[in-house]
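Both counts, for ligands and for their atoms, begin at 1 and track the order of listing.
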Amino acid sequence: MPTPTLPDGDVVTLPRARSHSPLARAWWRDAVIYQVYVRSFRDTDGDGVGDLAGVREQLHHVRQLGADGVWLNPFYVSPQHDHGYDIADHCAVDPVYGDLAEFDRLVTDCRLLGLKLVLDVVPNHCSSEHPWFRKALANGPGSPERARFHFADGRGEAGELPPNNWRAMFGGPAWSRVTEADGRPGQWYLHLFTPEQPDFNWRNPDVAAHFEEVLRFWLDRGVDGFRIDVAAGLFKHPELPDSADPDVDERTRDSVNPLAWNQPEVHGIWRRWRAICEEYTARDGHQRLLVGEASVPTPAEQALYVRPDELHQAFFFHLLHAPWDLAHFHRVIDDAVRDIAATGSTVTWVLNNHDQVRTVSRFAGEDPASGPARAAAAALLMLALPGAAYIYQGEELGLPEVLDLPDGLITDPIFRRTGSRTGIRDGCRIPLPWSGTEAPYGFSPHGSPTAPWLPQPASFAAHTAERQRSDAGSVYHLYRTALQLRRELPQLGEGTLRWLETPPGVLAFVRGEGLVCAVNFGDTPAPAPVAGPPLLSSGPCGEGVLPPATAAWWIGPTAAERI
Ligand code: BGC
């Protein structure tokens with residue numbers, strides 16, 4: 001295959017050759033996947049919303065960065081009550097994002113650039129406009145169509161109370177009441193997110209059969225894997241009993257109800273999906289990936305999802321929720337490496353995604369000025385850890401969370417359902433700044449009639465991809481160099497991690513033979529663990545000293561080993 005040349009003249013380094021032998025190390029075990037939130041990536045038709053053509057247009061950015069593949073957030077037909085996580089047709093592209101022909105061209109482009117393509121699959125719920133749910137409403141209580149969802153009669157004299165006391169993730173009760181065909185208030189249906197996202201009943205065989213068809217539809221089109229939304233969901237306690245949690249009414253966003261999440265039956269589904277992936281691998285030797293969003297309380301419980309015949313990976317969210325705190329980082333890394341390694345899988349690290357406050361703002365605490373340095377240090381730490389990593393679009397540009405969107409512009413259903421700004425996600429989904437000095441910063445074509453679906457702040461001018469590419473000291477170049485070293489150095493990616501004894505405030509470990517990573521979580525400079533200049537550092541870093549809020553990589557013996 002000829003070496004592809006990218007638009008700005010950069011020549012692509014093709015990924016490390018990986019054998020198709022089943023005995024070879026699987027590509028996903030230490031892959032770095034770049035998450036594309038399609039809606040906010042690049043808009044080619046000027047409607048203010050990103051699209052698949054935009055993903056194609058900027059795919060070279062991902063390739064130049066050095067990622068192994070992309071994961072696309074949902075682009076399927078959807079009324080967009082939860083920006084695509086409310087799906088009305090799992091096998092069609094929403095016209096706002098393009099069509100299947102454009103999707104097929106994207107598959108081809110990914111192949112040419114050597115990028116894996118991972119799609120989002122959302123099996124816990126669908127849209128209230130999905131044909132199955134419409135039929136369930138039309139066909140009434142007791143119908144086979146209602147049995148595909150959780151419909152139940154209400155409590156109280158006239159059924160006016162929800163069937164149980166569960167709360168929804170996005171606020172309010174987890175049940176909504178329908179109006180039956182005769183115009184009277186009728187049954188209730190379960191939705192762990194918004195009322196526009198009815199939960200499927202996975203004890204009904206139609207549901208499992210439908211999703212097997214969905215997987216095959218996209219696998220046949222050439223995708224390399226799936227990110228599974230809410231992978232600890234799907235099954236609920238069969239009797240849907242009340243939660244005994246005394247705080248249940250206080251909790252507006254219930255993500256911990258053990259009757260609604262993490263039921264043992266879900267593992268049978270992941271075994272079945274894994275078998276489907278293996279079936280495709282048996283045909284061509286190429287491994288397909290299942291990566292689950294399995295938010296469960298402990299790494300030990302998470303390990304159950306990545307047993308050898310279940311999901312390949314599950315996002316390790318404990319760093320996504322970690323404060324800027326050495327002890328916290330140390331503990332969760334230690335737990336993850338131990339518990340996940342015992343399954344034979346690798347840890348799937350993630351610091352940012354489309355649901356969380358960006359690290360630049362999250363790690364800043366009381367002092368906004370500290371955020372960028374801490375976020376860059378955390379990134380270098382993550383990319384030195386054993387296993388796979390996911391990078392969320394804009395992370396490589398050092399984007400901060402946009403925290404001051406006026407109420408009237410907030411689109412997140414969490415805001416609508418809770419009336420609170422806590423946990424709203426628009427601020428990490430602002431359209432990307434590609435170029436130029438004013439909005440839309442190359443997100444939409446110049447002179448587009450419609451503004452980007454969320455406004456970009458003036459501060460984005462300093463973060464455009466164009467500007468960062470020409471600045472060797474930018475966050476973009478830090479990520480790019482780190483990813484290049486991951487490809488070149490055998491110590492990085494999969495392998496061992498050994499903690500080092502460090503001065504207070506410093507976390508340090510050795511990877512394989514002699515790659516040392518250290519992070520200074522403290523506020524004062526600390527002695528570096530290795531003499532000589534670092535191979536790479538997240539900020540200015542001379543010899544012998546590790547400045548505050550800085551991470552660095554060295555090759556060489558540690559001070560202790562030299563003695
Ligand atoms: C996705 C969210 C989505 C929710 C409901 C998740 O966890 O990441 O963005 O709103 O599932 O589908």
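Among D120, T194, D82, the residue whose heavy atom lies closest to atom 5 (C) of ligand 1 is D82. Counting heavy atoms only, D229 comes closest to atom 12 (O) of ligand 1 of the residues D412, D86, N73, D229.
D43 places none of its side-chain heavy atoms less than 4.5 Å from the side chain of W453. E395 places none of its side-chain heavy atoms less than 4.5 Å from the side chain of V350.
The V230 neighbourhood of ligand 1 comprises atoms 11 (O), with distances under 4.0 Å to a heavy atom of that residue. For ligand 1 and F193, the ligand atoms under 4.0 Å from any heavy atom of the residue are 4 (C), 5 (C). Those atoms of ligand 1 with a heavy atom of D355 less than 4.0 angstrom away are 1 (C), 2 (C), 6 (C), 7 (O), 8 (O), 9 (O). The ligand atoms of ligand 1 that sit less than 4.0 angstrom from a heavy atom of E293 are 6 (C), 7 (O), 8 (O). Numbered from 1 in the order shown, with element, the atoms of ligand 1 that lie under 4.0 Å from a heavy atom of R429 read 9 (O). Against a heavy-atom cut-off of under 4.0 Å, F170 is close to the following atoms of ligand 1: 10 (O). Heavy-atom contacts of H354 reach the following atoms of ligand 1: 1 (C), 2 (C), 8 (O), 9 (O) (cutoff under 4.0 Å).
Every heavy atom of Q356 sits 4.0 Å or more from the atoms of ligand 1. Assignment of R425 to the shell around ligand 1 is supported, since a heavy atom sits closer than 4.0 Å. The shortest heavy-atom distance from H83 to ligand 1 is not under 4.0 Å.
A salt bridge links D309 with R271: at least one charged nitrogen is closer than 4.0 Å to a carboxylate oxygen.
Contact annotation for N353 and ligand 1: no heavy atom of the residue comes within less than 4.0 Å of the ligand. At a heavy-atom cutoff of 4.0 Å, ligand 1 is contacted by the side chain of H125 but not by its backbone. With a heavy-atom cut-off of 4.0 Å, H81 does not touch ligand 1 at all.
Note that R417 lies outside the cation-pi zone of F170, set by a 6.0 Å cut-off to the ring centre and a 45° limit from the axis.
Of the possible polar contacts, none joining the W273 side chain to the E310 backbone as a donor-acceptor pair under 3.5 Å is found.
Taken from CZ in F149 to OG in S128, the straight-line distance is 9.5 Å, to the nearest 0.5 Å.
In this structure, Y189 and F151 have tilted ring planes: the angle between them lies in the 30° to 60° band.
Evaluation of the ring pair (Phe, Tyr, Trp, His ring centres under 6.0 Å) test over residues 380-412, restricted to residues two or more places apart or in two chains, returns F315-Y390.
Note: F316 and H318 meet the aromatic proximity criterion, with ring centroids under 6.0 Å apart.
Residues satisfying the side-chain contact (heavy atoms from CB on, under 4.5 Å) criterion with V266, sequence neighbours excluded, are L234, F235, W270, Y305.
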